[in-house]
**Student:** 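Starting off with a structure, shown below.
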Amino acid sequence: MEHNVVIAGFGGQGVMLIGELLAHAGMDEGKEVTWMPSYGPEQRGGTANCSVVIADEPIASPVLTNPQAAIIFNVQSFDKFEPVIEHEGLLILDSTLVEKKSARSDLDVVYIPATDIAQKLGSSKYTNMVLLGAYLGKVAPITMESVYGALPIFLTGKKTDLIEINKRALQAGVDFVSKK
Amino acid sequence: MSSKVLMKGAEALAEGAIQAGCRYYFGYPITPQNETPEYMSRRLPEVGGRFVQAESELAAINMLYGAACTGVRAMVSSSSPGISLMQEGISYISGSNVPCVVMNAMRGGPGLGNIAPAQGDYLQAVKGGGNGDYKRIVLAPSSIQEGVDLFVDAFELAEKYRMVVMVIVDGLIGQMMEPVEFKTQVDVSTRKPPEWAVSGRHGRDHANIITSLTLDAVELEKWNLAHQAVYAEVEKVESRIEEYQMEDADYAIIAYGTMARIAKTTVRLARAKGIKLGLLRPITVWPFPAKQMQAYVGKLKGALTVELAYRQLFEDVRLTLCDKMPLGWYGRGGGIVPGPQEVLTAFEEQFGKGR
């Protein structure tokens, strides 16, 4: 079984971080994982994306032409990745920031007001976790416990206090897709 | 929990080199491998080694030459344009029989090109580069784990044959993260300098001299003949290949490094469609695993070479399989990395539906 996803948005939105979180959690569960960033002469505020593959078998290509799923943080990334998602794949997008609708009828599209939800939790900084939660609620390539377990790798020192709020943001994403 | 850690390729390869006993690193910054020297600058002092950021690539390769002359395990890393600048040094080191390791994170070219993944330095790595009749062993890992494991072999092969060993990767392997396990730790703390090293006389009755200058033609031809014999031996015993889904294959893709990894998914896609496709992946690109490939003559209906370059690997494939089976080629350059489906489409265009 292989799950793969592209996560895309602006640099600074925590795009790369939730990809790494997913990869760490997958590894801790004993799965095969790859995390591949877009890289280039990047600039602040420019677009950034990463591809994550989680599988039971050794992973061949870490390069995804047609990802099974995409988590989208901005319009530019929507325009880039919505057309290439695998047939009958999953599209999760922050409807607070992306006003467009997908024209593809084959996709399972989740329009989640992730930034609004995060702000209600205290800060738009948690938007990435809300979106990751929505993905995990839909696909569940790994357990929430593994994801929670990997949070302390990224939230160290003073940020340790933020683990609980990040868990709540993840859970808010899961809840949003579960109630539908 | 396993003993695996999630690491970026460029850092994992640096740690792999350290675990393999590398204690001296020289370099000059160039993307996409800057995480390697950065990591080395932090880690080498912790293990009693030294990191030097040189003033240029030319300085770095000659610092490596000097360090390796003392018999220690030492390396440089760079990326395509930087490796080009080092070719003179690589020829001198080869002409002096000094073992060392050079890593090239290949990027788009020619010239300054760009920093995206490419394999356009293949011919430079396996055939030429510097002047004169020398060879170096070239290892081409296709995953971070394999790269880490191969670093142990890289230093051992370098010392066994007193040759330069080159490890070629690309920005994709350098920038991605994968779980990696450091299985082998080579203890170099009690190593004695080898007999040929210039590390003090240690009671010998003669001083060792290391040079690549041999003015007498008869003597230099002798050197060359002796080294041709070494290279022939390396070709005979050190070539390595991965054969993936080849047991019942009608067709093969031939690819190495990152491209081979992507082609593995192509093989899976083809198999799902009923096409009996396999993958022949050279792990050593010099020595080229020619014998292993020739074993499939008469069994395969054709082979498609796929590379991030223009007919470079294909040159060796043609030398190996020319007239023995139908051969096809597909490649992208300039830093473009084709996906698995694109490779399958290229296969189907050239070999029909493969049935």
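Note that the structure is predicted; figures quoted are calculated from it, not measured. Just so we're on the same page: letters track the sequence lines, and every chain starts at 1.
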**Student:** Please state whether the side chain, the backbone, both or neither of L172(B) comes within less than 4.5 Å of a heavy atom of chain A.
**Tutor:**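 Contact with chain A is through both the backbone and side chain of L172(B).
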
**Student:** Measuring from T265(B):OG1 to E2(A):CD, what's the distance to the nearest 0.5 Å?
**Tutor:**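 Between T265(B) OG1 and E2(A) CD, I get 6.5 Å after rounding to 0.5 Å.
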
**Student:** Distance-only, no hydrogens or angles: does the R261(B) side chain make a donor-acceptor pair with backbone N or O of S61(A) under 3.5 Å?
**Tutor:** no

**Student:** Quick one: which of G26(A), G30(A), P62(A) has the most heavy-atom pairs under 4.5 Å with chain B, could you say?
**Tutor:**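 Sorted descending by pairs with chain B, the first entry is P62(A).
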
**Student:** What part of E29(A) gets within 4.5 angstrom of chain B, counting heavy atoms only: side chain, backbone, both, or neither?
**Tutor:**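 No part of it gets close to chain B.
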
**Student:** If you count every heavy atom of other residues, nucleotides or ligands that lies below 6.0 Å from E57(A) atom CD, does the total exceed 12?
**Tutor:** no

**Student:** If you look at every heavy atom in L6(B) and A23(A), which pair is closest and at what distance?
**Tutor:** CD2-CB, 3.8 Å

**Student:** Within a radius of less than 6.0 Å around CD1 of I153(A), do more than 12 heavy atoms belonging to other residues, nucleotides or ligands occur?
**Tutor:** yes

**Student:** Only pairs of heavy atoms separated by less than 4.5 Å count here; which of V267(B), I262(B), V337(B) has the most with chain A?
**Tutor:**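 The residue among V267(B), I262(B), V337(B) with the greatest pair count is I262(B).
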
**Student:** What option among E178(B), Q175(B), K264(B), K8(B) has the most heavy-atom pairs under 4.5 Å with chain A?
**Tutor:**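 When all of E178(B), Q175(B), K264(B), K8(B) are compared, Q175(B) has the most.
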
**Student:** Flag yes if more than 12 heavy atoms outside Y28(B) fall under 6.0 Å of its OH atom; otherwise flag no.
**Tutor:** no

**Student:** Below 4.5 Å, heavy-atom pairs only: which of Q341(B), E342(B), R268(B), M177(B) has the largest tally toward chain A?
**Tutor:**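 Answer, by heavy-atom pair count under 4.5 Å with chain A: M177(B).
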
**Student:** Heavy-atom pairs under 4.5 Å with chain A: which of P117(B), A260(B), G9(B) has the most?
**Tutor:** P117(B)

**Student:** Take a 6.0 Å sphere around NZ of K167(A) and say whether it holds more than 12 heavy atoms from other residues, nucleotides or ligands.
**Tutor:**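 Enclosed.
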
